[in-house]
Amino acid sequence: MRRFLLTAGLIVLVCGVAGAAVANEYFPQSVASGDPTPNSVVLWTRAVGPDGGIPTRVDLAVATDPGMANVVTGRAIDVDMEYDGVVKVKVDGLMPYNDYYYQFSFGGNASPIGRTRTAPEPGSDQPVRFAIVYCQDYIGRYYNAYLKMLLDHDEDIDFVVHLGDYIYETTGDPQFQDPDSERAIEFDDLEGAIQLGNDENPNYAAASLDNYRQLFRTYHTDEMLQQVHERWPMLVIWDDHEYSNDAWGATATYTNGRQDEYDVERKQNSERAFFEFVPIDAGLNEDGLLDIGADDLYPNSLIYRDLIYGSNLHLVLTDLRTFRPDHLIPEDAFPGLIPVEEPTLAAMIGEAWPAVRGNFDPYVDMGLFGKGLPIFRQTLSMIAANLYMMEDPALDFFTAVRLGEEAMAGNVSATFINILYAEAGLAPPFSPETMAVLPRGISYLIMGKTAVYSSSGSRTQVIMDTLDLFAAARYLETDGAAQEAYGSMQNAWLQGTLLSSPATWKVLGNSFMMTPMVIDFTNPLIAAMLPPEFPDFLRTKLVINAEDFNGLPQKRQEVLGLLELVDNAVVISGDIHATFVTDHQNGTYEITPPAISSSTNAEIALRVILSDPILGQIPGIEEIMANYGLLLQVSSLGPGVSPSNILYQNTWSHGFAIMDVTPDAFTILIEEIPSDEVGTSYYDDPEALDELFTPIMFTIRDGAIAPGP
Ligand SMILES: [Fe+2]
C-alpha cells in the first residue's frame, strides 16, 4: 500500500538507519545513483587507495538483491586518473521499474551497497512518488531534513529531485555561514580561491577545480546526504551556487559591477566538478564512463533534460543559469540614467499617458543642455565621478572622471541631479516649475536604484510598477531576448516537450521561482500596519527578489501562457529557502518546498531590510518584518500585484516535499522544521527530531487544488 506513513514513520526510520551502509576509508564519499530510465541508471563512487592515491581499476557489481547474491551485470572499470578518483558509470540493459543493488570494489575493499530504482516503461500506469529538495549549505548547518526523509520514506519514494545549490561556493560568507562551527571548510588551494570581504576579515569563494572538488568531497562526507544517495536515485540540476552567487552565464556578481566578473575558466571548473560528483547523465562517453571535454562545458553545457516516468509523470528539468541574460537592471546602472524615454513610454501606456505622466521622472538631455551650459555639465560629471570613487575606493581618479562623464551624457534624471546637488551642499538646479515642463521617462532611480554599484534596485528591492514597464520596453526592443532566461535553444525544447507530452502530469522543474515576491505597501491591510514615519516613496509595490522570474515579468507571463496550454501542469522550484504553494490562476500550481539547510528567506530578508540605510531606520520595522511571509501572501492575494496567488507560505522553515502522483490526483506533502534547529545535529536522536516536523498537505485533482490529502 503506497500511503504516507505519517505515524508509522518512526518504525521505518529505525530500521532504515540501523541497516544503513557506512562509507569507509576506501570509499569516503560512499555511493550514489541518478538519472534513471526504464533500462539504465548512472552509478557513482569515489575510490581512494590504501596509499591515498587513486586505484587503477575498480569493479562494479549490480544485483537484484540487497545481499548481492543475484548479480545481473557488472564491469571492470579502468579509473581515469583525471577525475579525482571519481568513478561514474552509466549501466544499461536493466529491467523497467526494478530495484537494483550495486557495489564497487578494488583490491578486496568493497564500497557500501547502494540501492537504486529504474523508471517504469512509458506506458505503465505505475503511481509515482518522489521527493523534492534543494539548497543544502553545509557550513554550520546539519541535514536534519534528510534524516526525516530517511526515517519516513525509506521504502516508498522512487527518486529524489534536487533543484540546485547542491553546494555553496563560499566557505565563510558572514551573511549566512558560520566558519567557526565544526562544519567548516578551509580551502586546501587557498591561492586558487577568490578572496571576498577585506584583508582583515577575508572569506573565500571557490574558483579553482580543486576548490570546487573539495566542496563536493566535503559535502559528500555528511552521513545523511550519503544515506540519501545510497537509497534513492537523484536527478540534480544546478542553480547559481554550484558556480557563484546570483550568477548569469559565466558572470559572477560579488562586486556589483565594480569589476568585470566574467570568468569562463572558473565557470568551467565549477561545471567539471559538478559533472564529476553529481550522478547526472552528462560528462560520459559512449562507453558510459567519465569523459569531460570542452563540448560538455560552458558555453556548451547541457543539463536540461526530461524524464518520462510511466504514463503518469513527465518531469522536465531546466537550466536557468547558464543561458540567462544579465539582470534587467545591471548592478552598475547609473541611477540618473533614463533607459525609457517619454515617446516610448507614452506609446506603451497609450491614452492614459497624460493622467499618469506626473508619476515618472523628469529628465534633461545633457547633450543639448550641456552645450549651452558646459560648466553645469562639468560640475555634474565631477559630482558623479566623486560618487563612483566613494562607492569604489579601488577606482583611480581618471577612470572615475571618465565614468562620471559617461554618466552625465544623454538623458539624465533631473530628480537625481537635484539629489546630487543637495548631497554636495549645493542649491538644487531644477525648480518644481522647471521640472513640470521637462519630458518624463523611467530612470533607474525610480525603479529603486539609488547607488551606482548595488544589488539593491537591481537584484533585490525593485519598484514593481516601473520595473514592469521598463522590462516590457526591453522585451519589445530585443524581441524577448533581454528576458530569455532559458536561452532560445532550451526554450524551444521546453515548449516542444511540454506541448507534446502524453503524460497525465507534466512537472516543470525550475531552479528558481515564478511565485510573486512582492510586498505591496499600498495594500490597505499592509498600509494600516505602517508607522507614519514610513517614507512615502516606499508606499509602493516592492519586488523583494528580482533575481528570479520576478525580475523577468514578461518572460514569466510567457511561461505561464505556455503552461496554460498544458493540462495538469505543476511547477516545482527551489532557490528561495521558503515554502510557497501558489495558484497561478491558469490551471498551473507551483510548489516550492523549504530548503534542506540554507539560511531561510525570512532571515535573509530581515538582514537585508534591517541593514538598509532607509528601511532599517523605520520605527517598528522589525515587527513588520516578523510577518514577512504573510506580507508576501497578502500582497499576492490583493489586486494589482499579479494574478498568481500564494495559498500557503512559511519563510522560517527547513524541510523537503514528497509528491505522490496517480492518474487522478497529485498530492503534495511538505515537511517543515523550524529554522533555528538547523545548527543542531539530530543524527543520533531521530525520535526527538521527528516531533519537530509539521506536515502540510495539498492535493491537485480535476484542475483544482485543496488542502489535505
Ligand atoms: Fe540557495
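First listed ligand is number 1; within each ligand, the first listed atom is number 1. Note that this is a predicted model, so its numbers are computed, not measured.
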Exercise. Would you check if there is a donor-acceptor pair between the side chains of Asp165 and Tyr168 at a distance under 3.5 Å?
Key: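 Yes, a side-chain donor-acceptor pair sits under 3.5 Å.
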Quiz item: Does one side chain, of Ser270 or Glu169, offer a donor that lies under 3.5 Å from an acceptor on the other?
Solution: no
Quiz item: Can an N, O or S atom be found in Tyr134 less than 2.8 Å away from the Fe ion (ligand 1)?
Solution: no
Quiz item: Hey, is the Fe ion (ligand 1) within less than 2.8 Å of some N/O/S atom on His241?
Solution: no
Quiz prompt | the Fe ion (ligand 1) to Asp165: nearest N/O/S atom name | solution =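 It is OD2, the N, O or S atom of Asp165 closest to the Fe ion (ligand 1).
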Quiz item: Is it true that Lys88 and Glu276 have a side-chain N and a carboxylate O under 4.0 angstrom from each other?
Solution: no
Self-check item: Criterion side chain to side chain contact (heavy atoms under 4.5 Å, CB included) against Leu163, the qualifying member of Ile132, Asp575, Asp239
Solution: Ile132
